[in-house]
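This report concerns only the one structure given below.
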Amino acid sequence: DVKVTQSSRYLVKRTGEKVFLECVQDMDHENMFWYRQDPGLGLRLIYFSYDVKMKEKGDIPEGYSVSREKKERFSLILESASTNQTSMYLCASSSGGNQETQYFGPGTRLLVL
Amino acid sequence: RKEVEQDPGPFNVPEGATVAFNCTYSNSASQSFFWYRQDCRKEPKLLMSVYSSGNEDGRFTAQLNRASQYISLLIRDSKLSDSATYLCVVNKGAAGNKLTFGGGTRVLVKP
């Protein structure tokens, strides 16, 4: 059974703070993804990674960076949080053999004040 | 125009009834199509893939119309537990294995 975990369910930060969101998967998946989900806009891809130390920009990478030092862990970094980054952040992973079935973590609801 | 468009609903459905809804996509190069289900305050989970010939999984039937670029989901004999948001998901075709998610269609099954 695939398990994707995220470090926090709820997070409150102040404008300008550096924010780290951690995601860990236990199924040895090659691919990992970070999305944000906002009402009326659906899920939007921020960054993804097909391998360790590899990263590619998604549709809305501005204001974010990522790190994948180990296969099981994919971190999303907000260098200087802003109020428009208040959102639900979802991490997902998928195997190399079936890249399109993505398994999601429970999400982190981030509030930036 | 959004890449994947869905009627946000809600579709209010009496228990035991049938409900169907569509999703349109703009990228004609898309090759793979899916329906994900998302319960309130939970993460999305794969419900079913959608194949060209149409496919069925229990009470759920998915259809793909490539000519008109839409996919559909039909739920028969609706259960209270079917209440959720259904996300239409399309891959980005030649651009790689990235997925594009629709905004979701909310379904509320009532007794």
Side-chain angles (χ1 to χ4, degrees), chain A residues 1-6 8-10 21 23-25 27 29-51 54-61 66 87-110, chain B residues 1-10 21-27 29-52 55 57 62 64 71 73 84-106:
Chain A
D1 202 23
V2 177
K3 193 166 184 184
V4 180
T5 57
Q6 294 183 228
S8 306
R9 292 300 303 273
Y10 301 94
L21 302 182
C23 174
V24 177
Q25 49 93 4
M27 286 302 293
H29 283 170
E30 282 78 14
N31 311 308
M32 297 188 75
F33 308 82
W34 273 108
Y35 296 88
R36 61 178 284 175
Q37 186 173 28
D38 302 286
L41 297 176
L43 275 82
R44 292 179 291 165
L45 182 64
I46 304 171
Y47 266 97
F48 61 103
S49 169
Y50 286 151
D51 203 350
M54 176 272 176
K55 59 186 178 184
E56 285 197 29
K57 293 180 180 179
D59 299 317
I60 50 163
V66 290
S87 186
M88 168 68 88
Y89 289 89
L90 288 157
C91 174
S93 73
S94 67
S95 67
N98 185 11
Q99 296 184 7
E100 294 160 344
T101 302
Q102 294 185 12
Y103 299 89
F104 285 83
T108 296
R109 192 169 291 276
L110 173 66
Chain B
R1 183 186 171 191
K2 290 182 181 177
E3 289 185 61
V4 179
E5 294 207 59
Q6 294 183 250
D7 182 339
F21 41 90
N22 294 339
C23 145
T24 58
Y25 61 95
S26 61
N27 186 353
S30 296
Q31 297 294 321
S32 303
F33 309 89
F34 311 89
W35 283 104
Y36 275 67
R37 172 196 169 123
Q38 186 172 24
D39 293 306
C40 188
R41 298 188 177 278
K42 298 280 190 178
E43 70 274 20
K45 292 183 180 179
L46 179 68
L47 177 66
M48 58 195 301
S49 301
V50 186
Y51 303 119
S52 296
N55 50 300
D57 183 1
L64 167 63
I71 67 174
L73 182 66
T85 297
Y86 292 85
L87 306 175
C88 173
V89 184
V90 176
N91 86 331
K92 286 182 179 277
N97 292 304
K98 294 185 290 183
L99 300 178
T100 301
F101 287 75
T105 295
R106 193 167 170 219

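Naming convention: chains lettered A, B, ... in sequence-line order (proteins, then strands); numbering from 1 in each chain.
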Per-residue contact mode, B:Pro44 against chain A (heavy atom under 4.5 angstrom)
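Interface part for B:Pro44: both.
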Under 4.5 Å from any heavy atom of chain A - which part of B:Gln6:
neither
With a 6.0 Å cut-off (strictly less than), is the heavy-atom count around CZ of B:Arg37, excluding the residue itself, greater than 12?
yes
When rounded to the nearest 0.5 Å, the distance separating CZ of B:Phe34 from CD of A:Gln102 is 8.5 Å
Interatomic spacing from OH in B:Tyr36 to OG1 in A:Thr101 - rounded to 0.5 Å
5.5 Å
Determine the minimum heavy-atom distance between A:Tyr35 and B:Leu99, stating which atoms define it.
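Looking at all heavy atoms of both residues, the shortest contact is OH-CB, 4.3 Å.
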Relative to chain B, which segment of [X] carries a heavy atom at a distance below 4.5 Å: side chain, backbone, both, or neither?
| X | result |
| --- | --- |
| A:Leu43 | both |
| A:Arg109 | side chain |
| A:Asp59 | side chain |
| A:Glu56 | neither |

With a 4.5 Å cut-off on heavy-atom pairs, point out which of A:Gly107, A:Gly105, A:Gly42 contacts chain B the most.
A:Gly105
Salt bridge (charged side-chain N to carboxylate O under 4.0 Å, His left out) contacts in which one or both residues fall within residues 40-51 of chain B, not counting sequence neighbours:
none
